[in-house]
Structure formats: C-alpha cells, structure tokens
Amino acid sequence: MRSSRFLIATLKETPSDAEVISHKLMLRAGMIRKSASGLYNWLPMGLRVLRKVERIVREEMDKSGAMEVLMPVVQPAELWEESGRWQQYGPELLRMSDRHDRPFCLGPTHEEVITDLIRNEIKSYKQLPANFYQIQTKFRDEIRPRFGIMRSREFIMKDAYSFHNSTESLQQTYDVMHATYCSIFTRLGLEFRPVLADTGSIGGAFSHEFHVLADSGEDDIAFSNASDYAANIEKAEALPPSTPRPAPQHLMQEVATPGKHSIEEVCEFLKVSPQQTVKTLIVLGEVRADKTQPLVALVLRGDHELNEIKAEKLTGIAAPLTLAPEARIKEELGVGIGSIGPVGLKIPVIVDHSAAHLADFVCGANKDGFHLTGVNWERDEQAPLVADIRNVVAGDPSPCGKGTLEIKRGIEVGHIFQLGTKYSEAMKARVLDENGKEQTMIMGCYGIGVTRVVAAAIEQNFDDNGIIWPDAIAPFQVAIVPINISKSEAVANKAEEIYAELTKAGFDVLLMDDEKARLGAMLADTDLMGIPHRIVIGDRGLEAGNIEYKGRRDAEKQEIPAAGIVEFLSVKIQR
RNA sequence: CGGAGUGUAGCGCAGCCCGGUAGCGCGUCUGUUUUGGGAGCAGAAUGUCGGGGGUUCGAAUCCCUCCACUCCGACCA
C-alpha cells in the first residue's frame, strides 16, 4: 500500500473524550472515529488490524473443527420469549418493533437463534457433536459505554455454540476450545491467562475466562504465586482461617460514636484497625410465598468487600443481590445504616469466615450513634451461620492449596462455558438417541471479543511514541520511509524496488511515497501507527548500498545492505 | 439511575464572571524557500458559538428549557 493512496488519519493531539491509552492511541493513529456514545467507525487503518484478528480467530476455529455460520443481528422476540430471556435480560437488550408492530431485538448474543436453527437441522445423535461459530456484530445497550472500543455498545464477537449428546462429549469440545483459545491468543502475540470464572447470567456449570493482563483491565484476577491457579475474583474462593478463633479477652461494652458511620470513621474514632471490626450489610432475602422479601444481614470483616456473586448464591438470599432500602431498615430494625451490628439482630445473619474468626471485635450496637467493643461470638451472640461471602485479597492462601494469592488486573477477551441444557431444554432442542428416544442436546458456548482484542493488544503494547503492534496483527508489517523522493531519483527508485520485492515476498508493506512528506513527520506517523518494522532509505546510506532498519521496540537503528532486505526481514518477522 | 462537568472552525482550546456582533494553536488549501527526526515565510478558506425559548436597542456571554457527550458513583451499613 502507498501512503499517497491510503487514508492516514493521524492526529497530533488527543481528542478530549479519550481516557485509556488504547482509546487515545486508536484515535490518534486514525484507526477509529466515534459516531455516537459506544458506536464507532473503523477507518481503513483500524479495519486492517480488526481483519487480521478475525483471520487468526477464523483459522484456529476452522482448525478446531468448528463450522462457520452467519446469523442475523435482528432477532425475533418470540425466540427470547421461548427461552425466558425476553423478561430476564433487562435494559441491555435493545428491543424494537417492525412496521407491523412485531417485537424484535438487536442480538447481544445468539443462544436462542442458534438453538432454534440447530433444533430444526439436527435430528439424530449421529450428527453430534457439532460446533458452529460466527464472527458478527453484537449490540448491548451498556449503561455506560467507556474506554472506546473496549466497552462499546456495538462490537464484533466470535461466538460459537456446540451441541452434544453426553457431558463427556461436551467436556471434550470444551477442552478443544480451551486449547484453541490458547492458540489464538498466543498467535495474536498477547500475554494472557485462562482463569476460572463465574458463569454469570448465561448460566451453566463450568466456565473459563481468558484475560489479557493489563493495568487498565476492569476485572480483578487472583493468581497463586506457586501454581497455575487463576480465578476471577468473583469466583476465587476465600478459604476459612486454619487457626482456631482466639479466646475472648475483653468484656462487651457499648460506646457512643456520635456521627461516626463508616468503618473508616469508627476506626479512627475508636483507634482500632478495620481488621478488628465487622460491618453488617442488610440485603433482601428470597421472595416468600406471600410475595414479601425478608431482610437478611451479611457480616464481613471491616477491611473486606462483599462478593455479590457468592452471596446471591446462598439459599435465603435474593438474586440478583439487592441492598435493602434505608427506609425499610429504619422501620424494621429501628436503627440507621452505620450503626447496625449482629448482636441481638432479629433477622437471619450470615457471617463471613474471617468475620466469624474474630474475637473482641467492634460492631454497630443496633442503636443510632453507638457501637459495641469487645464483642465475641457465642459469648455475646449465638454461634453464627458461616459462609464465604467476601472477595479474596492479596496474601490470602490460594484455594488450590499451594502458595498465596496475588491480584492483577485483566481485560476479559474470551469466555468459554458449559451451558448444559439451559437453552436446549427451554427450546426443546432434541435428537433421537441410539434407542430411538428423544434426548435433549447438551450445549457449550464460546466467545471472543474481537474488537476488544484490538484494544487489549494496544493496552499491552505501546510506548510514548504510540502503538507497538505484534507482527501478527499489525496493519502493516513494514514501513518504507524514503527521504526526499522528489529530489533524489536514486532514493525514489530504491524505495520502489524494495517495495516491490517485499510485497512480492508476501509482506504487508506501507510505502511512504508522499512527495512532500518530511522525514520527521513520516517517522512520527509510522511510530504512532505502530508499524513494527521500519526501513529508512536515504542518499547517504545508498552511496554504500545500505538502508537503515529499526524495529519499533529497538533502541538503535542499524545499517544493512539494501540487497539483503528480504532475507533480513524474513528472519525478523514472525509469520 | 444518582452526582459532577463539558458543548465555540476538522482537532485541541481561549473568550462568558463584567452583554457591543468571534479568536489562538494544530490541521487544511495556494505560493515560495527548505529538506536525515512532527519546517520557515506570505496569503487563504472554514463557525446556524449544541437546539429552542426568554430578557435586552443589542446575547457565545444573563435567565428558562431541551438535547448530546464525558467523568465519577451506584458497598456509609
């Protein structure tokens, strides 16, 4: 490609609405432009990267034995009614009507459509297992789209759905997908980790997320420092303390803590550490027969955070987890938030392991403006119902039994699930088995955020001058920068010659052939755009038959013979 | 949904407090000189000042209203 015939839309200044580095650099490098909140245009430069990511994903999926299909973006409501998600999905599902007033939605995911398609096409166990995928636009009406392409409303996803007649078969395909995802992210040149994950709203039994490690990630990942264990913090189990609870040393006392509500304020006032306190959260319980929801208290150590996912799975607690309205707490417990404690509370209490392990702790006195000190379980309040309801923190023992946990930030770029029969059951997707009996198919589903991968790759590969693309997904692998083509025929000729040679050798080359372009501007642009290999051609070097090479990450440029450039780059560029 | 903020040329911004008919830098176009790391000079084009309404002789500026966008929060308990 010649720069004179390609839209190089680089910006010197960053548009003011960009916050994270990938968003800024994608705008500055001329890859994307915003159309509306969470909606982006892909310029030629960006699309080249996106297509390369797609190509790698497609090649690896094909290699895994999956079959590519293409499903509609607009989906009929009736399928969503059938699965029950028309009611469940919530406002992220963009609903609309056609001219006949028939309800539709923009697909945020395609379980319903694929299940409908396959139940009509596959009738026999002999056709199983089968795995279908597509690379296609999804729409999710996010509350707050942010970080450019990283969390946009419209995005491109590779989604795959597999169908089976046994859990063993599902497990096999799941394992193949796990391996395929590892190959894909390795080929993309990313530093990633598969991590154990919660199955979330999609449902199902077993699940892994694939995270690209980067500080700007929105997820916390817990890693063992002594094994392969890695889990999303939503999922990572906090082990119960292994030592016995210390014996009580103090008597329970009520102390006035006027105006002190938060853990921080109370600790400061009473001169204790948060680890020596508990906080009591009031949430709604499961809906009872009379349609009312009782209150339930959750007790955590002051320095710990509630893990909503863990909590809402406990029996007696409503899912999704909902904090009780303050007015209801006032009315039923007779105390304002900020002074609640487990002692003498008249509602069910569930206590986190580490809070249950405390002796002589501080908690709210269930009386506005008062706290209790020197509180001890059993002596002052009956032995609590104990569960794991907190997020793990760095330094916790790893659930795998080896080492302690570290927490890192990750960007979720892939997710694989064992769905089981959630959709096939609801939508009656069945095959005849060996005995001629109807059997509900078992399903798996597997997603990769293709557009998000592009942003994640930048989050992991940039410097002060711009993007640094991995070879596999660079918009161009090589940039040829000739100095003064309008003045030097020798330079112009050599640039054309090398451009032809490299192109013929199968490299993706960008020839900077704008006659008026100055060296500094061209170098700034090729760096910003992240082109990983750069050749500068000038009269000075040509006198000795040399050109200049610099890898995007190299500190120094080097002179190499112009004649050997194809061989030189064949060694440098991973293909 | 709650809170905060922003909307002025393609991009980044000033002007608004204190009303007088719109400016700077970058980019773009023309010419010219220059050319080994985002050139210099000379000239030029580009604005319903987010929309609507109001106050006023006069509104980018003051008031009302709507819209869009951005950020933060949605775990005080």
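Proteins get letters first, then strands, A, B, ... in listed order; numbering begins at 1 in each.
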- [ ] Could you check whether A/Arg390 gets within reach of a base, just the sugar-phosphate, or nothing at all, counting any heavy atom under 4.0 Å?
- [x] nothing
Open item on the list: If I pick the C1' atom on B/rC69 and the same atom on B/rA44, what distance separates them, to the nearest angstrom?
Closed with: 33 Å
TODO: Give the ring-plane orientation class for A/Phe6 versus A/Phe476, where under 30° counts as parallel, over 60° as perpendicular and anything between as tilted.
DONE: perpendicular
- [ ] Specify the separation, in whole Å, of atom CZ of A/Arg28 and atom P of B/rG27.
- [x] 13 Å
- [ ] Nearest whole angstrom, please: distance from the P of B/rG36 to the CZ of A/Arg518.
- [x] 7 Å
TODO: Describe the nucleic acid contact of A/Glu264 in one word from base, sugar-phosphate, nothing, applying a heavy-atom distance below 4.0 Å.
DONE: nothing
TODO: Taking atom CZ of A/Arg5 as the centre, report whether more than 12 heavy atoms of other residues, nucleotides or ligands fall under 6.0 Å from it.
DONE: no
Task: A/Arg534, nearest nucleotide to its side chain (from B/rC11, B/rG37, B/rA77) - done: B/rG37
Open item on the list: Using a heavy-atom cut-off of 4.0 Å across all strands, would you classify A/Gly338 as base, sugar-phosphate, or nothing?
Closed with: sugar-phosphate
Open item on the list: So A/Asp368, base contact, sugar-phosphate only, or nothing? Heavy-atom distance under 4.0 Å.
Closed with: nothing
Task: Spacing of the C1' atoms in B/rC26 and B/rU46 (rounded, Å) - done: 15 Å
TODO: Look at all strands and tell whether A/Glu265 reaches a base, only sugar-phosphate, or nothing, counting heavy atoms closer than 4.0 Å.
DONE: nothing
Task: Who pairs with B/rA9 - Watson-Crick or G-U, where each distance is under 3.5 Å - done: none
Task: Listed nucleotide nearest any side-chain atom of A/Ser16, set B/rC13, B/rC76, B/rG37 - done: B/rC13
Open item on the list: Mind checking if A/Lys34 touches a base, just sugar-phosphate, or nothing, with heavy atoms under 4.0 Å?
Closed with: sugar-phosphate
Open item on the list: Can you check the distance between B/rU21 and B/rU56, where both ends of the measurement are the C1' atom (answer in whole Å)?
Closed with: 14 Å
Task: Inter-nucleotide P distance (B/rC17, B/rA60), Å rounded - done: 12 Å
Open item on the list: Tell me whether A/Glu142 is salt-bridged to A/Arg151, with the criterion being a basic N under 4.0 Å from an acidic carboxylate O.
Closed with: yes
- [ ] Just name whichever nucleotide pairs with B/rC16, Watson-Crick or G-U, keeping both distances under 3.5 Å, else none.
- [x] none
Open item on the list: Under 6.0 Å from the ring centre and within 45 degrees of the ring axis: does the NZ or CZ of A/Lys557 meet both conditions for the six-membered ring of A/Tyr549?
Closed with: no
TODO: With heavy atoms under 4.0 Å as the rule, sort A/Leu300 into base, sugar-phosphate or nothing.
DONE: nothing
Task: Side chain of A/Leu519 - closest among B/rC72, B/rC26, B/rG36 - done: B/rG36
Task: A/Arg146 side chain, from C-beta outward: closest of B/rU35, B/rC11, B/rC71 - done: B/rC71
TODO: Take atom P in B/rG52 and the same atom in B/rC13, then report the distance between them in whole Å.
DONE: 25 Å
Open item on the list: I'd like to know whether CG of A/Asp215 has more than 12 heavy-atom contacts from other residues, nucleotides or ligands below 6.0 angstrom.
Closed with: no
Open item on the list: If you assign each of A/His304 and A/Ile483 to its closest nucleotide in RNA chain B, which residue comes earlier from the 5' end?
Closed with: A/Ile483
Open item on the list: Let's see if you can work this out: which of B/rG25, B/rG36, B/rC71 has an atom nearest to the side-chain heavy atoms of A/Glu19?
Closed with: B/rC71
- [ ] Give one of base, sugar-phosphate or nothing for A/Gly541, where a contact means two heavy atoms less than 4.0 Å apart.
- [x] base
Open item on the list: Let's see if you can work this out: which of B/rG12, B/rG37, B/rG38 has an atom nearest to the side-chain heavy atoms of A/Ala524?
Closed with: B/rG38
Open item on the list: Could you check whether any side-chain heavy atom of A/Val478 comes within less than 4.5 Å of a side-chain heavy atom of A/Asp508, counting everything from C-beta outward?
Closed with: no
Open item on the list: Roughly how many Å apart are B/rG50 and B/rU70, using the C1' atom of each and rounding to a whole number?
Closed with: 15 Å
TODO: Calculate the interatomic distance between A/Lys260 atom NZ and B/rA77 atom P; express it in whole Å.
DONE: 15 Å
TODO: Output yes when at least one side-chain N/O atom of A/Ser37 is less than 4.0 Å from OP1 or OP2 of B/rU70, else no.
DONE: yes
Task: Whole-Å gap separating P (B/rA77) and CD1 (A/Ile337) - done: 9 Å
TODO: Please confirm whether A/Arg95 makes a cation-pi placement over A/Trp80, using NZ or CZ under 6.0 Å from the six-membered ring centre and within 45° of the ring normal.
DONE: no
